[in-house]
Number of protein chains: 2
Amino acid sequence: MRKIYTPSSAASDVLEVIQILEGRWKLLILFHLFDGKVQRYSDFEKLIPGISQKMLAQQLRKLEADGIVARKVYPQVPPKVEYRLTDWGQALCPALDALLSWAEQKDHFAPPAS
Amino acid sequence: MRKIYTPSSAASDVLEVIQILEGRWKLLILFHLFDGKVQRYSDFEKLIPGISQKMLAQQLRKLEADGIVARKVYPQVPPKVEYRLTDWGQALCPALDALLSWAEQKDHFAPPAS
DNA sequence: CGGGATCCACAAGGATACTG
DNA sequence: CAGTATCCTTGTGGATCCCG
């Protein structure tokens, strides 16, 4: 088994990852951003069933504050706001991809007990 | 940019990943398990500052229920319990590793504004 | 040693109403 | 359209006590 980190370096990194990605909605929002077709506030509302306006706005702003997501406001009426990943946010893609691959492998390791 | 998933397949996978890894402690526990030196309940208590007994036991049991962690009880007095990763749990290693690498790259993308 | 049970405080989150 | 403000319910997590 691979040793995943050196104790001296990664303690704070782990905490940072947890803080940044914590919550029921962050990953969902990010996955839609990676999908590339979703940039508008109302798109998220449609594609993430069950999320409230409050949570959506709040989590988007947290992601923005953490430097994962960039928010671009077009000064027009009606308002238009686009969300996109920052460079650092895009760098997260392989990790989230690995996470999804892992989830897909579940049945390989734990065959549905029949 | 890479397309990270096909909309048809991954919606439930995303939700599963979120459910399994959600919380302030799960990743911390897992990282210590990957480190390989921690298998005992009391080890986690020492190495994860601030975690309460309740949370530690609860999260360990959730990880166990989700098939990530295996719990082995030695029938002796005083009791001895060892935690280890299941095969599926070990398969999570690359993904968590990628997550850590990503965190480490932060300064590369967002140099500390001086 | 490795927890379970209980109580409690606070924070997270949902519903609704309103706005530039 | 893209939110904010408010209220209120629920969940999360800590502290404490207890047990095999």
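All values derive from a computational prediction rather than experimental measurement. As a basis for the values below, the full set of heavy atoms in this structure was taken, side chains included, without hydrogen atoms, waters or symmetry mates. Chain identifiers are assigned alphabetically (A, B, ...) following the order of the sequence lines, protein sequences preceding nucleic acid strands; residue numbering begins at 1 within each chain.
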J.: Hey, could you give me the CD/OH distance between B/Gln39 and B/Tyr83, rounded to the nearest 0.5 Å?
T.: 12.0 Å
J.: Whole Å only: how far is the NZ atom of A/Lys46 from the C1' atom of D/dG3?
T.: 15 Å
J.: Can you list every salt bridge (charged side-chain N to carboxylate O under 4.0 Å, His left out) pair that touches residues 15-31 of chain A, not counting sequence neighbours?
T.: A/Glu16-B/Lys106
J.: From CG of A/Asp43 over to P of D/dG3, roughly how many Å is that when rounded to an integer?
T.: 12 Å
J.: Nearest 0.5 Å please: distance from the CZ atom of B/Phe44 over to the CG atom of B/Leu33.
T.: 4.0 Å
J.: Strictly by salt bridge (charged side-chain N to carboxylate O under 4.0 Å, His left out), give each pair with a member in residues 40-64 of chain A just once, sequence neighbours left out.
T.: none
J.: Exactly one of B/Leu100, B/Leu92, B/Asp97, B/Ile29 should register a side-chain contact (heavy atoms from CB on, under 4.5 Å) with B/Phe34. Which one does?
T.: B/Leu92
J.: Look at A/Arg71 and D/dA2 and indicate whether a side-chain polar atom (N or O) is within less than 4.0 Å of OP1 or OP2.
T.: no
J.: For the helix from C/dC1-D/dG20 to C/dG20-D/dC1, measure the angle between the helix axis at one end and the axis at the other, each built from five pairs, rounding to 10°.
T.: 60°
J.: For A/Tyr83 and D/dG3, is the shortest distance between a side-chain N/O and OP1 or OP2 below 4.0 Å?
T.: yes
J.: Search all heavy atoms of A/Gly67 against all heavy atoms of A/Thr86 and return the closest pair with its distance.
T.: O-OG1, 2.6 Å
J.: Find the distance between CD1 (A/Ile20) and CH2 (A/Trp88) and round it off to the nearest 0.5 Å.
T.: 3.5 Å
J.: Sequence neighbours left out, what passes salt bridge (charged side-chain N to carboxylate O under 4.0 Å, His left out) with B/Glu82? Give chain and number order.
T.: B/Lys80
J.: Can you pull the contact range of chain B along DNA chain C, 5' to 3', using atoms under 4.0 angstrom from its heavy atoms?
T.: C/dC1 to C/dC7
J.: I need a per-nucleotide contact map over nucleotides 9-20 of chain D, read 5' to 3'. Cutoff is protein heavy atoms under 4.0 Å; write B for the base, S for backbone only, - otherwise.
T.: ----BBB-B--B
